[in-house]
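Read through the structure below, which is laid out as structure tokens, and then see the notes.
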Amino acid sequence: MIDKTYQPSDVEGRIYQTWEQAGAFKAGRPERASAETYAIVIPPPNVTGSLHMGHALNNTLQDVLCRFERMRGKDVLWQPGTDHAGIATQMVVERQMMERQEPSRRDIGREKFLEKVWAWKAESGGTIVNQLKRLGASCDWSRERFTMDEGLSQAVVKVFVELYREGLIYKDKRLVNWDPKLLTAISDLEVVPVETKGSLWHLRYPIEGKTFDPDDKSTYIVVATTRPETMLGDSGVAVHPDDERYKVLVGKHVILPLVGRRIPIIADEYSDPEKGSGAVKITPAHDFNDFEVGKRHNLAQINIFSVEAKLALQGNEAFAAGLPASADLDATLAMHGADRFAARKTIVARLEEKGLVEKIEPHGLAVPHGDRSNVVIEPFLTDQWYVNAHELAKPAITAVRDGRTTFVPKNWEATYFNWMENIQPWCISRQLWWGHQIPAWYGPDGKVFVATSESEAQTEADRHYGTNTALKRDEDVLDTWFSSALWPFSTLGWPENTQELKRFYPTSALVTGFDIIFFWVARMMMMGLHFMKDDKGAPQIPFKDVYIHRLVRDASGAKMSKSKGNVVDPLGIIDEFGADALRFTLMRNVAPSHDIRLGPQDVENNRNFATKLWNAARFVEFNGAARVEGFDPKSAKETLNRWIAHETQKALHEVAAAIGEYKFAEAANAAYRFVWNVYCDWYVELSKPLLTGPDGVSKDETRAMAAWALDEILKMLHPFMPFITEELWRVTAEQGPKRETLLALAPWSKLEGLTDDNAETEIGWVIDLITAVRSLRAEMNINVNIPLVLAGVPAETQARADRWAEFIKRLARVSELSSAATPPQGSAQIVVRGDLVALPLVGVIDIAAERTRLAKEMKKAEDDIKRVDAKLGNEKFVANAPEEIIDGEKEKRAEAADRLGKLTEALERLKGAV
RNA sequence: GGGCGCGUAGCUCAGCGGGAGAGCACCUCCUUGACAUGGAGGGGGUCACAGGUUCGAUCCCUGUCGCGCCCACCA
């Protein structure tokens, strides 16, 4: 028995358990050993994270694909796992330690700290996994991986060492984005510009050999800067070679104020005469452009503070060592212990005292910030490890150009190419503790030995030095995205040549958000193509299709964020409306070029849809419509049953085709319309006379068909609404012939041969008639059952009406159905598919109102005729338009003319009435 | 500066060459034997604007305006 109401919270947990116990989501089920494979690797959520709406969308999309392909008989692997999320996790644990007023990580040391992180991972790592299960995600949990588990760590080391040996990973001293709060380098992608109202300081640099006089412009050159504190590191002033104002100064020197350093005035195209004063100070160690200019002109790279000093002071942002010996002592002292912005004040004050500040203008600019720390990034000259991304990008670009990997929607490829073609070296070292420690060891002279293990490095070192030499391991860890880049093959067991690798790589699809195309997708492409080869040694892509989705926003269209307090918790939604309602809402609204707006109202509507489905199943059950062993829908005799079989096939094909093209909303909406507007609104209603009528062949057939179509509905909805469909599948299994499989493993039906145009025409006519009568009744406010007279209709219509009389009476609330040559006096008259239908309503209808109504209908018909005549009267249209269009227009005209004729007669007849 | 996308009913969005659709909201009616988390009916739109291509443009092209996002730069 199906319960009166569906309570998602009561059944979802149980259903999920059933799936797990049956091993329904396991890849490599023996009975599918020879089946085609289908694989998706999950975008690994942060191990310490919890499910947000973005996850809900991302994973529902993947689940729809996986469940659909599983039902289509494929051997599906949805590879789950979590990411160690270096910076994020380290920050979480550090914050927790601070809240508990425990000693800091530097106090307890690396080893103790890492123990704490692992403990935290053990404690909270399962959260996200359980939340994904609540969403219904059909991952193969037996294969769950973690980016820092042993196997994946081995993969990371191997990749690092091999790329190093190929020269594609190298150590370099260049400017990096330094995060002064986290005290680590970060990659370009982790820097976000923040629009800020700043100032532009115009500083006077005295020219060598002249006595500085604020009133004599020939004694100094003005440079404009947004960061006056960096002047301590200036090693040149650049002007544009064509700038007449400064031509005479090129080659001369200025004496850097406060510091006293002699620095050259150089000519370089980088200088823009339009900006600032046209002369720009060059600080090679603290600005990316200046770094390049400095290299061109051999300028000194002067750090205004040193990493060592900062590390020692644990982030006090102190200026310490590193200032040149000739620095103004006062300035140095003022810097000591002050942060960059305090230093700026001090320096500006010192310069102002000396009359060296010409003016300060307000100036808007985008200041780079760290995406995690949210502090201003300091370009900083340090030794870091880099990946030669430019080289690795080449095959990754080609693979997409050749269409071996395709983006859906395709326009993201432009974004991908644009970034890949301009890719910069990828800084992969991080001055953190939580992550994969770089497999590099240093000898006493600083020589580096990169190896897969310490002993291997030691052996190499001993060979090199000719004696046993103590080595020191590189303290840095790798960027989290380095291990993520290997995810599609590391999770499958690489570097071992596993069965999984052979069977599931390249994976079928990747589903991810546009915001990590660069962070993740591009890098997986690079690493996958470099390390994975097919039998012939050709590079292998990590995935064939990349489906890119957008954001989930709140009901008013605002981006969800903790600070705004508008975050909708998917688990709260699941508690209230059920996972199916949330999933279906997301799927019905996901569109390639739009973010999704999600309001509770939408979820409620889809919860209502689930209820509708539930009640349809109850109706079927009440009416004894159980599944019948070996029932073949093709064998149906009743037109109504042939019609629903026809519609079912159509809907099932629509849904399958749409999922196949990643058109999730189209698929979900096709299923929605079929279930609600076809099956419930018409089939269930029209089947009532048959199901409540006398026992017999027709009744049996209708019962079997109703149950059969319901089964098909459960299948077509299952990828979207796995819980309620599985539950109904289970309950209905009790009623018909034995059925052992879970719906999750049931085969997607390959319906064919059910198309029936006659049934469609006939039922279409019935539906139109009922709708027209209902419409008229509502318009004229008639609440009682009324008689219906077919006026002078052809024999075919008459026969049809006879066949459907009972149905029409019931659904259109008609008391009696009869025929006559002409409509009775005082009838309301409507035209249904060319047939005149009269509703004799003497004394009931308002003749004047009916006249007005008819006139309105006639106007419509006349307009239709005019429109078509205008077209058909156009020679060029007749000459150029395709034949079927012209024929269509002619049909339209004939239909309208016929309708007009009947309506005119109807109006004529009404004249006699009072 | 470069790129991508979007302006269609009050709202959220489909449609993307042959006289505009859905859901929600709104109005009217209906507790009829699956479902009031429901049923029936209805009103509501110069498809941003201007040109062009075409027999025909919401749909294709060009431009304008407005909105959003990404990349680069910002002395």
Side-chain angles (χ1 to χ4, degrees), chain A residues 2 4-6 188 193 198 200-203 223-227 237-238 270-272 274-283 287-290 363-367 409 411-412 414-415 417-419 422 514-515 517-518 550-551 555-557 577 581 588-589 591-599 601-602 604-623 665-666 669 672-673 677 680-681 684-685 688 692 770-771 774-779 781-783 810-813 863-864 867-868 871 874-882 884-886 888-889 892:
Chain A
I2 303 177
K4 182 144 171 56
T5 53
Y6 175 64
D188 297 347
L200 193 60
W201 285 268
H202 292 251
L203 310 179
V223 295
T225 179
T226 54
R227 300 191 53 203
V237 170
Y270 164 67
S271 181
D272 182 350
E274 305 290 314
K275 283 183 185 165
S277 63
V280 57
K281 60 195 266 319
I282 302 296
T283 322
D287 181 282
F288 289 94
N289 288 309
D290 292 4
H363 184 74
L365 73 166
V367 181
N411 43 286
W412 286 109
T415 306
F417 290 138
N418 182 49
W419 190 70
N422 297 293
F514 67 92
D515 49 337
I517 292 177
F518 305 144
R550 303 186 50 152
L551 297 178
S556 62
F577 300 108
R588 288 186 64 205
N589 289 292
S593 56
H594 277 286
D595 293 343
I596 298 182
R597 287 195 188 197
L598 185 88
Q601 184 63 54
D602 298 317
E604 192 180 324
N605 295 145
N606 287 303
R607 186 273 320 266
N608 295 351
F609 174 72
T611 307
K612 186 79 182 173
L613 171 67
W614 189 258
N615 283 304
R618 285 178 63 219
F619 168 83
V620 170
E621 185 185 57
F622 280 165
N623 287 284
E666 206 170 281
N669 283 317
Y672 178 97
R673 280 193 305 270
N677 303 122
C680 291
D681 286 353
V684 163
E685 292 306 324
K688 282 174 181 173
T692 57
I770 293 168
T771 306
R774 279 171 172 172
S775 178
L776 186 92
R777 300 173 58 102
E779 226 172 296
N781 259 319
I782 300 161
N783 290 324
R810 188 167 173 148
L811 294 180
R813 298 188 60 197
D863 287 349
D864 286 347
R867 206 180 298 127
V868 176
K871 269 194 184 179
N874 183 340
E875 282 174 29
K876 285 178 177 171
F877 172 74
V878 181
N880 291 312
E884 64 265 27
I885 294 293
I886 296 176
E889 293 295 332
K892 260 189 236 165

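In what follows, chains carry the letters A, B, and so on, assigned in the order in which the sequence lines appear, proteins first and then strands, with residues in each chain numbered from 1. Bear in mind that the values here come from a model prediction, so they are computed numbers and not experimental data.
The CD atom of A:Glu884 sits 12 Å away from the P atom of B:G18 (whole-angstrom rounding). Taking atom CD of residue A:Glu666 and atom C1' of nucleotide B:C13, one finds them 14 Å apart after rounding to whole Å. Computed from coordinates, the A:Gln601 CD to B:C11 P distance equals 17 Å when rounded to whole Å. The distance between atom CH2 of A:Trp412 and atom P of B:G5, rounded to the nearest whole Å, is 10 Å. Atom CG in A:Asn418 sits roughly 9 Å away from atom P in B:A72 (whole-Å rounding).
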Give the B/S/- string for nucleotides 28-44 of chain B, one per nucleotide from 5' to 3', where a protein heavy atom under 4.0 Å of the base yields B, of only the sugar-phosphate yields S, and otherwise -. -S----BB-BSSSSS--

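In terms of position on RNA chain B, the residue among A:Thr225 and A:Phe518 whose nearest nucleotide sits closer to the 5' end is A:Phe518. Take the nearest nucleotide of RNA chain B for A:Asn874 and for A:Ala555: the residue whose nucleotide is more 5' is A:Ala555.
We find the CG-CG distance between A:Leu776 and A:Asn781 to be 11.0 Å, quoted to the nearest 0.5 Å. Within the model, atoms NZ of A:Lys612 and CG of A:Asp681 stand 6.0 Å from one another, a figure rounded to the nearest 0.5 Å. Taken to the nearest 0.5 Å, the NZ atom of A:Lys688 stands 5.5 Å off from the CZ atom of A:Phe619. Atom CZ of residue A:Arg813 and atom CZ of residue A:Arg777 lie 5.0 Å apart, to the nearest 0.5 angstrom. Between the CD1 atom of A:Ile517 and the CH2 atom of A:Trp419 there is a distance of 10.5 Å, given to the nearest 0.5 Å. The line from CG of A:Leu811 to CZ of A:Arg774 is 5.5 Å long, rounded to the nearest 0.5 Å.
Candidate nucleotides B:C74, B:C71, B:G5 were compared by shortest atom distance to the side chain of A:Asn289, and B:C74 ranks first. With B:C73, B:G5, B:G18 as the candidates, the nucleotide lying closest to the side chain of A:Lys275 is B:C73. When the nucleotides B:A14, B:G18, B:G5 are ranked by their closest atom to the side chain of A:Arg550, B:G5 comes out on top. Listed nucleotides: B:G18, B:G23, B:C74. Nearest to the side chain of A:Tyr672: B:G23. Side-chain proximity of A:Ser593 to B:G5, B:C24, B:G18: nearest is B:G5.
Ring planes of A:Trp614 and A:Tyr6: tilted class, angle from 30 to 60°.
Taking atom C1' on both B:U31 and B:C35, the two are 12 Å apart, rounded to the nearest angstrom. Nucleotides B:C49 and B:C11, compared at atom P, are 15 Å apart to the nearest Å. Nucleotides B:G15 and B:G3 place their P atoms 26 Å apart, quoted to the nearest Å. For the P atoms, the distance linking B:G38 with B:G23 amounts to 13 Å, nearest Å. Nucleotides B:C13 and B:A50 place their P atoms 25 Å apart, quoted to the nearest Å. For the P atoms, the distance from B:U53 to B:U58 is 16 Å, rounded to whole Å. For the P atoms, the distance from B:A25 to B:G39 is 12 Å, rounded to whole Å. Comparing B:A14 with B:G52, their P atoms are spaced 30 Å from each other, to the whole Å.
At a threshold of 4.0 angstrom between heavy atoms, the contacts of A:Pro592 with the nucleic acid are absent. No contact: A:Lys281 has no heavy atom under 4.0 Å from any strand. When heavy atoms are screened at a 4.0 angstrom cut-off, A:Tyr270 is found touching base atoms of the nucleic acid. Nucleic acid contact class of A:His202 (heavy atoms, under 4.0 Å, all strands): none.
Under a 3.5 Å cut-off, the side chain of A:Thr225 and the backbone N or O of A:Val280 do not form any donor-acceptor pair.
For A:Ser593, there are no side chain to side chain donor-acceptor pair (under 3.5 Å) partners two or more places apart in sequence or in a different chain.
Helical stems of RNA chain B (runs of at least 3 Watson-Crick or G-U pairs, donor-acceptor distances under 3.5 Å) are listed by first residue: B:1-7 with B:65-71, B:10-13 with B:21-24, B:26-30 with B:38-42, B:48-52 with B:60-64.
Residues A:Phe622 and A:Ile2 form no side-chain contact, since every pair of their non-hydrogen atoms from C-beta on lies 4.5 Å or further apart.
For A:Glu889 and A:Lys892, the salt-bridge test passes: some basic side-chain N is under 4.0 Å from an acidic carboxylate O.
Listed pair A:His594 / B:A14 meets the phosphate criterion, a side-chain N or O lying under 4.0 Å from OP1 or OP2. For A:Arg597, a side-chain nitrogen or oxygen approaches OP1 or OP2 of B:U12 to under 4.0 Å.
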